[in-house]
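Just so it is clear, the values below take in all heavy atoms, side chains as well, and ignore hydrogens, waters and symmetry mates.
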Amino acid sequence: MESNTSKPRPWWLTDESIARLRKSLKECPNPYTDEEELALEYDAPFDVMRSNAHTAKKILTKYGIPLTDDENTTE
């Protein structure tokens, strides 16, 4: 019996949104780490692409979705 430990996909996480999230990761292979994201100051400049890639990675990982089209793991 196979056990799936990832959360079920919410209604807003469509195939199209997954493709956009993967595109963000592909365009920016160096996303912020959790520590870097927490250390950002509210009014300080930041890299939008790195922030978007960080969010994309968090979402895909949370729901057990591969980070790219051609891999079977989230790592």
Side-chain angles (χ1 to χ4, degrees):
M1 185 161 116
E2 183 179 323
S3 67
N4 186 356
T5 59
S6 59
K7 295 183 176 200
R9 278 208 271 181
W11 63 269
W12 54 266
L13 193 54
T14 63
D15 291 340
E16 293 81 20
S17 63
I18 290 171
R20 284 192 302 272
L21 293 170
R22 287 176 173 162
K23 184 176 182 234
S24 292
L25 282 170
K26 187 175 186 178
E27 290 173 350
C28 182
N30 182 25
Y32 283 124
T33 63
D34 289 338
E35 294 80 21
E36 290 174 321
E37 188 96 350
L38 288 172
L40 290 173
E41 297 180 24
Y42 289 109
D43 292 340
F46 69 99
D47 187 334
V48 174
M49 289 182 72
R50 286 186 74 197
S51 181
N52 289 346
H54 177 256
T55 301
K57 186 175 182 180
K58 280 178 36 178
I59 291 170
L60 294 173
T61 303
K62 179 178 181 176
Y63 294 103
I65 300 168
L67 301 178
T68 64
D69 290 339
D70 58 342
E71 67 179 59
N72 294 322
T73 65
T74 57
E75 307 208 12

- Message: According to side-chain hydrogen bond (donor to acceptor under 3.5 Å, both in side chains), who are the partners of Lys58, at least two apart in sequence or on a separate chain?
- Response: none
- Task: Measure the shortest side-chain to side-chain distance between Leu25 and Thr68 over non-hydrogen atoms and say whether it is less than 4.5 angstrom.
- Result: no
- Task: Output the rest of the hydrophobic cluster of Leu38: all Ile, Leu, Val, Met, Phe, Trp and Tyr residues reachable through side-chain heavy-atom contacts under 4.5 Å, sorted by chain and number.
- Result: none
- Asp34: partners by side-chain hydrogen bond (donor to acceptor under 3.5 Å, both in side chains), with sequence neighbours left out: His54
- Item | Ser51 side-chain N/O to Asp47 backbone N/O, donor-acceptor pair under 3.5 Å | no
- Tell me, please, which residues at least two apart from Glu16 pass side-chain hydrogen bond (donor to acceptor under 3.5 Å, both in side chains). Thr14
- Nearest heavy-atom contact between Ala53 and Ser24 is CB-O, 3.9 Å
- Item | Contacts of type salt bridge (Lys or Arg N to Asp or Glu O under 4.0 Å), residue Glu36, not counting sequence neighbours | Arg50
- The remaining residues in the hydrophobic cluster of Phe46, counting side-chain heavy-atom contacts under 4.5 Å among Ile, Leu, Val, Met, Phe, Trp and Tyr, are Tyr32, Leu40, Val48
- Task: Taking the side chain as every heavy atom from C-beta outward, state whether Ile65 and Arg22 have any atom pair closer than 4.5 Å.
- Result: yes
- The salt bridge (Lys or Arg N to Asp or Glu O under 4.0 Å) partners of Lys26 (sequence neighbours excluded) come to none
- Item | Residues which pass salt bridge (Lys or Arg N to Asp or Glu O under 4.0 Å) with Asp15, listed by chain and number, not counting sequence neighbours | Arg9
- Listed partners of Glu27 passing side-chain hydrogen bond (donor to acceptor under 3.5 Å, both in side chains), at least two apart: Lys23
- Query: Rounded to the nearest 0.5 Å, how far apart are CG of Leu21 and CG of Leu60?
  - Reply: 5.0 Å
- Message: Under the criterion side chain to side chain contact (heavy atoms under 4.5 Å, CB included), I'd like the reasoning laid out for Thr61 against Leu67: C-alpha separation, chi angles, the key distance, then a yes or no.
- Response: CA-CA 8 Å; Thr61 303; Leu67 301 178; 4.0 Å; yes
- Query: Pro10: what forms a side-chain contact (heavy atoms from CB on, under 4.5 Å) with it, not counting sequence neighbours?
  - Reply: Trp12, Leu13, Tyr63
